Amino acid sequence: MSRTRDWPLYVVMAVVILFLLSPLIVVVGASVTTSSFLEFPPRGFSLKWFEEVLGQEVWTTTLITSVKLAVVSMAIATVVGIPCSIALARGDFRGRAAITAFVLSPLMVPSIVLAISLLIIYSRTGIDLPFWRLALAHGVLTAPYLIRTLTAALEQVDSSLEEAARNLGATPVGAWLRVVLPTVRPALIAAMFFAFIMSFDELVVALFLSGPRLTTLPMQIYGEIQYNLSPAIAAVSTLLIFLTVAGVLVIERVLGVRRLVR
Amino acid sequence: MSRTRDWPLYVVMAVVILFLLSPLIVVVGASVTTSSFLEFPPRGFSLKWFEEVLGQEVWTTTLITSVKLAVVSMAIATVVGIPCSIALARGDFRGRAAITAFVLSPLMVPSIVLAISLLIIYSRTGIDLPFWRLALAHGVLTAPYLIRTLTAALEQVDSSLEEAARNLGATPVGAWLRVVLPTVRPALIAAMFFAFIMSFDELVVALFLSGPRLTTLPMQIYGEIQYNLSPAIAAVSTLLIFLTVAGVLVIERVLGVRRLVR
Amino acid sequence: MRPELELRNLVRRYGEETVVDDLDLTVEKGELVSLLGPSGCGKTTTLRMVAGFARPSGGQILVRGEDIAALPVHRRGVGLVFQSYALFPHLSVFDNVAFGLKRHKVPRREIPGRVRDVLAKVQLEALADRKPAQLSGGQQQRVALARVLVLEPSLVLLDEPFSNLDALLRETMRSELRAIQQRLGFTALFVTHDQEEAMALSDRIAVMERGRLVQLDRPEVVYHRPATRFVAEFIGRANLFGGTVRRAEGGELEAAAAGIRWLADGAAAPRGAAVDVMVRPDRVALELAAADASGDAGPNAAYGEIVQTEYLGSGCLVTLRTDDGTRLLAEVRTAADGVAELAVGRRALARWAAGDVRVLAGEGDDAGAPVEAALQAG
Amino acid sequence: MRPELELRNLVRRYGEETVVDDLDLTVEKGELVSLLGPSGCGKTTTLRMVAGFARPSGGQILVRGEDIAALPVHRRGVGLVFQSYALFPHLSVFDNVAFGLKRHKVPRREIPGRVRDVLAKVQLEALADRKPAQLSGGQQQRVALARVLVLEPSLVLLDEPFSNLDALLRETMRSELRAIQQRLGFTALFVTHDQEEAMALSDRIAVMERGRLVQLDRPEVVYHRPATRFVAEFIGRANLFGGTVRRAEGGELEAAAAGIRWLADGAAAPRGAAVDVMVRPDRVALELAAADASGDAGPNAAYGEIVQTEYLGSGCLVTLRTDDGTRLLAEVRTAADGVAELAVGRRALARWAAGDVRVLAGEGDDAGAPVEAALQAG
C-alpha cells in the first residue's frame, strides 16, 4: 500500500493517545515533586515520595490483600465461567440470545446496585468472613466478562477439531480438555488477566462489603485522600500504573497483541 | 452432533447463570416488598415503592443528567476512538504492540487514580463546568474500551474491500467512509452502547469530579443509602436493570448476538 | 466374507428436509468408493452418519456386518480425514499423530515407533517436531492422513481431503493416496464434488443427487453410460440435446435433436418417445470443411463454424456453432501442431460414431431411468 | 499503435528480497495474457504494481504509452477483479455495480441504465436487489466482474478470479470470461497458478519463476516447447529425465537417460553435454507386451509393468515402471472400452516419436537456456 500519505492519520492518533494518557502522565509527574502538595507540573525532581510509600507498612499490607483478593476472585470467575462458556458456545438451544443477554447484564448494572444487593444477601446469612464474601462478590462481578471473552473465542474454534479428537478415540470430555480448551488458551489467559485487574481495581463494592477489618489498595488510597492530598498518593498510583503496563506488555509478548485487543 | 448426553453441561450452565444473576434477583425481589425495610425475601407484593420513586422528581432529574452525561461522553469516545482505531488497525508501524498496551492502560488503572489525576488537572485550569469536565473524564475512561473493540473489528475486515473501493475510483478517505466503516457498523454500535453504559454506571470518578451542583443517578443512589435503606433504592435499581437488559436485547435483535458477545 | 461397509435404507431428515433419502450402498473390503455430487446432495451428511457425527433418521449402518448405530463416535474405529485437516494447532506433528494412540491406551513405549513408521509412509519423518502452522498445505494433508492411518483402521472416510490444495499438488496427492490405499489395503469412502478426482482414483463412483443415489458403477461406465441426464452433465463435458425417436429397430435407434439426425447402437425406445441424446466431446472428430459447405451432413454429423477454442495441453476443446445455432463441443487431440488450422471463424464438419451416442429418457419421461438397459459392457 | 500495457525492467524489492526481478512484458490491445507461476513467484505483486497497490522499486509501467507511476490508485482507470471478489457486503448487487459510476461522477440518471446493461451481460439482472451474502460463489464472481466492466476500462486485471469456485463452475466461468473479453474487446492481464486455466483462456502465457519471466508465448508453444525444466514440470505432466548427449548431427540428437535411448529431431547440443529430455504423457503410445518381453526396445521406447491407472474420462493416465525402476507416464485415449486391457500388473511397451522429444539444458549447464533454439514452429 502507498502509506506515505497516511501521516495525518498518525498525527491524529498520537494526539488521541496523548489525550487518553494525560491523566496517567499527570499522576506520574506529580509523584516526583519535591514539594508537599499534590500538584502538576512538579517542582523539581525527587524520589522521596516513593521512599516514603515503600517504607510504610500499610501500603504493602493492602497491596497483598488486593492481590490475594484478585487471585481468588479470578479463580472463582474462571471455574464458574469455563463450563458456562462451553455451554453457550455449543449453543444450539432455544433462547440462546436471551441467556447471553442475561449473562452480560451484571456487567451493565451499576456496581452500586450490586453492592446493595450483596449487602442484603450477606446480612441475611450473617457469616462474617469479609475476605471471602468480597472475593465471591468480585467473582460475580468479573465472571460475565470472562464468559463473554471465552465464548467468543470458543465460537471461533473450528468444530472439526473437536470432531477429529472424538474420531481419534477421545471421549466428549477428553476432546474438550485436550483439544478445544488448549486451542483457546491465549484468549483464556487474557480474559483471566482482565478479571484479575477488574477485581484489583474495584472500589465501590469493596467499600460496601469489606467492613472495618479488610482494606484493599484502592480503599486505602480512597481513605488517604480524605485526610491529606500528599504526593505519596501519586507515588502509589505511579507504582500501580507501571505494574499494570508491565503486566499488559508481558501478556502481549506471550500471547501476541491481537489476542489481547480482542 | 449427538448432543443428548450434554445435559450435565446445561445443568451446570443454569446453576452458574443463577449464581451470577442472584444479586439482580435479590434486588428485584426486594423492590416489591410491602414492608419499609430493604430485605429479601420480600414480605408480600406491592408496587408502592415504584410509585414512590416515579413520583419523586429527584430520580427523574438525576436520570436525565446521567443519560445526558452518557450520551456526551459516548460521543467524545467515538470521535476520538475512530481515527485512533483506524491507525492502529492499519498498523504496519513499529511499536504497535507498545502503543496498544498504552491505549489499553487507562482501562486497567483503578478509577480512583484517574479521579485524583483529573482533579489535579481541573484544579489547575480553574474552569467551573462540572458537566463538561465529568463528560470529558468519562470520555477518557471509555475511549480505550471503544478503541479496543473497534480495532479488533477493523482488523477482521478483508483489506481487499478497501482496495476494491480505491480501484473503483474512491479516494482514500472515501474508501474508509463508504466501505470500511459501514462494514464494521455492528461492532461500532455495540462498542458505543457499552461506552454509554460504562459512563451511565460510573460512580467513583463522578463522586470526585462532579461537585455539589451535579448529581448523577448512581451518585443519588449512593447518597440515598447513607440516609436510609428504604426499598425505594431497590425499586430504582430494578428499573435500571430492566432498562439495561431491554437495551441489550434490542441491540442483540438489531445486530445479532455474536457481534455483541465479541 | 462380509462387506466392509453396508448402508441400508439410510435416511436423514433435518426438520422438513430430507437430506439423505433411502440410500443403499455396499463397499467391499479394500475398495475405494467415491460419493460424488454437487454441494448439498447429502454426500457429506452420509459420511458424518458413518463417522457418528450425525444420527440417521432411519435405516442401518453395518460395518463388517455389525450395526454401529449405538456406538459413540470414539468407539467406532472408523478413521475420518477432514476437509479442513483439523490438525490440533497446539500439538506438534508427532503429538498429532500420537494423539489417537494415547486415547486407545497403546503402551507408552510402542508409541514413538508406530508414529515414526506412519510418518515414514507419508514422507514426513523430518518434520515430526514442527507445529501444523509451520507446514505447507500438502504436508498438513499428509499429517491428517497419517494421524488416521496410525490407528490402522480397516475403514477410512475422506471428506474432500484435497479441496484446499492447488491443482498440481492435488494430482500428486491423489496419486499418492491411491498408492497408499492399495498398499495398506484399507477400505475407503471418499467424498468429493470434483468429478475428475472421483474418476481418477475410485474403484467405483456413487453419484448422488438431492439425497438419492442415482448411479453406482465403475468410472468408465459412469462416464460413458451415465444413468441419467444429471449424471451425464455432472461427469465431464457433454453434448446433450433433447429430441424425438424417429425409428427403432434391431438394436438401432434413430432420433432427431438439435437439427441433427442421431443414430445410436444398442439403445431401445418406442417411436415418438422424447429422449435425450448425448455424445462426449472426446468422441467427436472434427475436420475442416469448405467455407460454403452446409446442409445435411448425414447421420451423427454436422457442419458449423468454430466460435471458441480452449487449449488443454494434451488436447484442444473446440466449440462449434452449427447452422441452426446449436453449440457442439469437440475435444481434439493436439497431434503435432496440426491443431493450428482449427482456428476461430473456420468452418468444420463434426462427426461421431453411433457406438458413442447414448440415449437417455427425455425430460418429459420418467426421469432417471436409463433407456439403454439392453446395452452390455463391451 | 501503442501496446495497451508495457512493463519495462520492473523491479520490486521487500527489504533484502527481490520479489519481481527485471520484468519486461508487453500486452497488446485486446489480448488476454496470463501471468502463471507457483505461489510466491511475484505474479500477484506484478498485478498489484499495475493497479497501484504496490510501488515499483525500479522500472516503468506504461499504459498506452504513458507512465502511470505517479497516478494514485483511483485515477489509474485500470479495473481489478479480486480473488476474494471483495464485494461490499453492506451494498446490494445494484449498488456494488453503481459504486464505481458514482465515484466517477457519472450523471445520476445514467446510472440505472448502465448498471442494468452490464448486469444483463453477466446474466444477473434478476438479482440486482440481493446482498452479496445471498449469492452463490459463481454469482458473486459475476458481480465482481460486472462492477469492473461497468466502468468500461480498456485494461482489466484479474487476480485468480476462479480459485474459489468448484471444478465444473470454474470451467464454465472461464469460457464465459473469454467470450465476454473477446466480445467487449478489452485487454486482460490474468494471474493464476493453475496451468490448465492459463492454457485454456490465454492468447499468451507469461511463466514466472522466482520473480523472473522465464517464458512468454502461446499456450501450445509453452506446453510443447518449454524453455526450461521448470516450465516443463509446471505446465502439465511431463516425463523428464537427466541424461547425456551421445551423438549430434544433422539436426538429430541422440541421448541416454533413464536407461532409454532418446532420439530428438531439431535439437542441438554438443556431444557429452548434460541435458534433460522430456516427452509429454499424451505423446506416449502404449501397447500390451508379452509377459516376458524385456531388454532393449529400440530408441524412444521402453518395456515396463503397469503400476497405476487413473481414469480421466476422455483418457486414462497409466504409470509404467520400466525395468530399471524409472516411472513413465502415458496418457492413453480411451477408445471405446479398449483400455480395460491396460490393467495394473500387465506388461506393456511405451513408444514415442522423435518429433515429440524436447531437449533442455541439463541441471549442470547454464540453467534456463533452451537447447532447441534451432527449432522452428511447425
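As the structure is a computational prediction, the values presented were derived from the model and not from experiment. A, B, ... follow the sequence lines: proteins, then strands. Residue 1 opens every chain.
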Contacting region of D:E331 [heavy-atom separation from chain C under 4.5 Å]: both
Note, C:N164 side chain near C:Y85 side chain (heavy atom, < 4.5 Å): yes
Which atoms of D:E197 approach chain C - backbone, side chain, both or neither, heavy atom under 4.5 Å: neither
SB check D:E196 D:R174 (cutoff 4.0 Å): yes
C:W352 and C:W262 aromatic ring geometry - parallel, tilted or perpendicular at 30°/60° bounds: tilted
Parallel, tilted or perpendicular: rings of D:F162 and D:F190 (30°, 60°): tilted
Per-residue contact mode, D:T309 against chain C (heavy atom under 4.5 angstrom): backbone
Any side-chain heavy-atom pair of C:V222 and C:L36 under 4.5 Å: no
Structural part of D:R237 lying under 4.5 Å from a heavy atom of chain C: side chain
Option that, when pairs with chain C are counted at under 4.5 Å, heavy atom only, ranks first among D:R280, D:Q182, D:Q195, D:E171: D:E171
Winner by heavy-atom pair count (cut-off under 4.5 Å) against chain C, out of D:M199, D:R178, D:H193: D:M199
Proximity breakdown for D:L201 and chain C, heavy-atom pairs closer than 4.5 Å: neither
Full working for side chain to side chain contact (heavy atoms under 4.5 Å, CB included) between C:L328 and C:F241: CA-CA 10 Å; C:L328 266 181; C:F241 308 100; 3.9 Å; yes
